[in-house]
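Some notes on the structure that comes next.
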Amino acid sequence: MIELEEAIEIIKENVKKIKRVKTCNIIDAINKVSVEDVYSPIDSPPFDRSPYDGYTYNSDIDTNKLKVVGTVFAGEIFKKKLDKNEAVKIMTGAKIPKEANCVIKKEDVDIIDEYIILNKKLNKHDNYIFKGEDINKGQLIINKGCTISVEDIGVLASLGIHEILVYDDIKVGILITGTEIQDLHEILMDGKIYDSNKYILNSKLKKMDINNVVVDKASDDLLELEEKVRSIIKRVDCLITTGGVSVGDKDLIPKAFKELGAKELFWRVNVKPGGACYSAILEEKLLLGLSGNPHAALIVFDNILIPAIEYITNKEKNHKIKAIFKGEFNKKSKKDRFIRAKLFTENAKLYVKMTDNKDAKARLYATLNSNCMIKVNKGTTLTDNQMVEVVTF
Ligand SMILES: Nc1nc2c(c(=O)[nH]1)N[C@H]1C(S)=C(S)[C@@H](COP(=O)(O)OP(=O)(O)OC[C@H]3O[C@@H](n4cnc5c(N)ncnc54)[C@H](O)[C@@H]3O)O[C@H]1N2
Ligand code: MOO
């Protein structure tokens with residue numbers, strides 16, 4: 001049986017990254033990935049400007065009394081020629097006239113009629129913002145492959161760039177399988193259960209900013225499964241199924257995919273819970289068959305599907321950190337185990353504790369209030385204050 005890390009590597013070797021691109025208005029570009037390097041088309045600021053409300057003049061003077069010959073507001077230009085011993089009243093952000101070379105703050109002068117008395121001696125370029133001081137024309141702003149942040153969008157806007165070429169959004173299918181699954185609005189019949197996976201997986205995808213999602217469900221019937229998969233796979237880049245990946249008579253996901261001609265990547269991973277999972281490639285798309293057990297499905301979602309989707313969408317990130325474990329965990333296992341936990345800080349140190357000390361199979365309760373998972377390496381237990389590896393999501 002393969003380990004988790006191998007499962008991720010096998011997927012990366014077999015899936016194709018999204019190549020479709022689109023031009024995107026920067027207002028919608030947050031979290032998208034830039035296809036190209038982006039260079040500044042202009043200097044920013046585009047002209048020499050004042051950082052203060054005050055007076056601008058040429059510092060090469062032998063008096064501290066200057067005549068104020070006009071006012072320049074932000075967005076306007078002082079059109080006249082400014083002579084020696086003359087000043088212009090200037091507002092923050094306004095263009096500094098050609099002949100001036102410094103700005104004195106309003107607070108640092110006294111006003112007598114149409115004159116100002118300078119209470120400070122300024123030198124050339126004191127309180128002076130140069131054209132291109134922030135960003136130069138032709139400067140590299142965004143590296144190709146970078147995930148666009150709020151700050152990137154702010155800089156793009158400041159340079160007048162309103163569109164950017166990005167990779168297209170991933171389309172994901174969710175196929176919920178199981179004859180025992182009922183919709184939430186139905187009255188629960190004996191032996192049946194409500195469908196939590198649909199809501200969990202949809203929300204996980206939404207949280208990842210993935211909104212192109214096709215959701216369907218199928219009963220444990222080989223022909224129905226094949227038909228649903230055949231129909232969904234054409235519309236998505238990646239298909240997630242839940243249920244039907246163990247060894248029961250009705251665990252038909254691997255069989256359905258084989259019948260459809262899929263290439264199997266792996267079936268079962270050496271991890272607890274979530275070991276019952278299946279992966280294949282069909283029509284160049286990734287399939288990940290998660291366990292029906294929601295707790296187990298989430299472990300595989302966070303540890304295999306998220307890295308896989310991040311790879312496909314050119315957004316790889318590190319989700320692993322180290323924290324100090326508080327509590328005790330004595331269950332040794334032959335497999336790596338993930339337990340639901342909560343990260344918290346105390347005295348500027350990062351700690352983690354379990355959210356449910358029972359860690360029982362299929363307990364969705366443990367997921368409540370959790371914001372991470374602790375990895376318990378095979379053959380080990382956890383003791384108070386030891387350093388542990390934590391996966392955040
Ligand atoms: N003989 C063996 N039996 C099982 C093994 C094994 O190794 N040998 N592995 C067990 C493990 S571990 C798991 S996990 C499950 C995985 O089973 P499947 O992936 O085939 O999933 P199902 O049997 O369809 O469902 C498991 C469980 O989850 C419930 N479920 C299913 N779908 C949903 C849903 N949408 N929302 C909420 N709950 C759902 C389902 O009713 C079952 O109770 O296999 C073990 N068996
Ligand atoms: O494989 Mo099951 O998914 O351990 O809980």
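Looking only at distances, no side-chain donor or acceptor of Asp113 sits under 3.5 Å from a matching main-chain atom of Tyr115. Distance alone, capped at 3.5 Å, places no donor-acceptor pair between the Asn347 side chain and the Lys349 backbone. Side-chain atoms of Thr56 come within 3.5 Å of backbone N or O of Cys102 as a donor-acceptor pair. Panel note: side chain Thr345, backbone Ala348; no donor-acceptor pair is recorded below 3.5 Å. Under a 3.5 Å cut-off, the side chain of Lys315 and the backbone N or O of Asn31 do form a donor-acceptor pair. A donor-acceptor pair under 3.5 Å links the side-chain atoms of Asn14 to the main chain of Ile10, judged by distance alone. In this structure, the side chain of Ser333 engages the main chain of Lys335 through a donor-acceptor pair within 3.5 Å. Of the possible polar contacts, none joining the Trp267 side chain to the Ala280 backbone as a donor-acceptor pair under 3.5 Å is found. At distances below 3.5 Å, at least one donor-acceptor pair connects side-chain atoms of Asn197 with backbone N or O atoms of Gly292. Counting only distance, with no hydrogens or angles, the side chain of Thr381 and the backbone of Asn330 share no donor-acceptor pair below 3.5 Å.
Looking only at side-chain heavy atoms (C-beta outward), Val88 and Val69 come within less than 4.5 Å of each other. Looking at Leu343 and Leu350, their side chains come closer than 4.5 Å, going by heavy atoms from C-beta outward. For the pair Leu82/Asn58, no side-chain contact is recorded, criterion being any heavy-atom separation below 4.5 Å from C-beta on. With a 4.5 Å cut-off on side-chain heavy atoms, Tyr199 and Pro294 do not count as touching. Counting heavy atoms from C-beta outward, Val352 and Lys342 have side chains that stay 4.5 Å or more apart. Between Glu224 and Thr177 there is no side-chain heavy-atom pair separated by less than 4.5 Å. With a 4.5 Å cut-off on side-chain heavy atoms, Asp134 and Ile129 do not count as touching.
A salt bridge is defined here as a Lys NZ or Arg NE, NH1 or NH2 lying under 4.0 Å from an Asp or Glu carboxylate O, and Arg20 with Asp168 meets this definition. Salt-bridge annotation for Lys12 and Glu316: present, with a side-chain N of the basic residue lying under 4.0 Å from a carboxylate O of the acidic one. The pair Lys81-Glu99 does not count as a salt bridge, with every side-chain nitrogen at least 4.0 angstrom from each carboxylate oxygen. A salt bridge links Glu5 with Lys375; the closest basic N to acidic carboxylate O contact falls under 4.0 Å.
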Residue pair Asp169, Lys171: steps toward the salt bridge (Lys or Arg N to Asp or Glu O under 4.0 Å) verdict: CA-CA 6 Å; Asp169 301 333; Lys171 298 175 188 137; over 6 Å; no
As a quick check of understanding, evaluate salt bridge (Lys or Arg N to Asp or Glu O under 4.0 Å) for Lys378 and Glu3, giving each step before the final call. CA-CA 11 Å; Lys378 55 171 99 63; Glu3 301 296 323; 3.2 Å; yes
Check against salt bridge (Lys or Arg N to Asp or Glu O under 4.0 Å), Asp126 and Lys120: CA-CA 11 Å; Asp126 278 349; Lys120 254 189 178 173; over 6 Å; no
Worked verdict on Asp302 versus Arg340 for salt bridge (Lys or Arg N to Asp or Glu O under 4.0 Å): CA-CA 12 Å; Asp302 287 330; Arg340 286 277 166 173; 3.7 Å; yes
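For Phe78, there are no ring pair (Phe, Tyr, Trp, His ring centres under 6.0 Å) partners two or more places apart in sequence or in a different chain.
A perpendicular orientation is assigned to the rings of His125 and Phe130, their planes being inclined by more than 60° (bins at 30° and 60°).
Heavy-atom contacts from other residues, nucleotides or ligands closer than 6.0 Å to NZ of Lys95 number 12 or fewer. Open room surrounds NZ on Lys320; 12 or fewer heavy atoms of other groups in view lie less than 6.0 Å from it. Dense packing is recorded around CG of Leu188, with more than 12 heavy atoms of other residues, nucleotides or ligands lying under 6.0 Å away. Within 6.0 Å of NZ in Lys67 there are 12 or fewer heavy atoms belonging to other residues, nucleotides or ligands. Within 6.0 Å of the NZ atom in Lys22, the count of heavy atoms belonging to other residues, nucleotides or ligands exceeds 12. Around atom CD of Glu284, no more than 12 heavy atoms belonging to other residues, nucleotides or ligands sit under 6.0 Å away. The local environment of NZ in Lys17 is crowded, with over 12 non-hydrogen atoms from other residues, nucleotides or ligands closer than 6.0 Å.
Note: Gln182 CD to Ile193 CD1 = 9.5 Å, rounded to the nearest 0.5 Å.
Nearest heavy-atom pair across Ile299 and Pro273 is CG2-O, 3.4 Å. Residues Lys285 and Val236 come closest through the heavy atom pair NZ-O, 2.9 Å. Heavy-atom minimum distance, Tyr128 versus Glu133: O-OE1, 3.8 Å. Nearest heavy-atom pair, Asn369 versus Thr355, reported as atom, atom and distance to 0.1 Å: O-CG2, 3.7 Å. In terms of heavy atoms, Ile96 sits closest to Ser50 at CG1-N, 3.8 Å. Contact detail for Ala276 and Val245: the closest heavy-atom pair is O-CG2, 3.4 Å.
The one candidate from Val214, Val172, Thr241, Val215 that meets the side chain to side chain contact (heavy atoms under 4.5 Å, CB included) condition with Ile232 is Val214.
Between the side chains of Lys326 and Asn385, a donor-acceptor pair is found at a separation under 3.5 Å. A donor atom on one side chain and an acceptor atom on the other are not found under 3.5 Å apart for Glu163 and Thr23. A donor atom on one side chain and an acceptor atom on the other are not found under 3.5 Å apart for Asp108 and Asn119.
Both the sub-6.0 Å distance and the 45° axial angle are not jointly satisfied by Lys32 relative to the ring of Tyr167.
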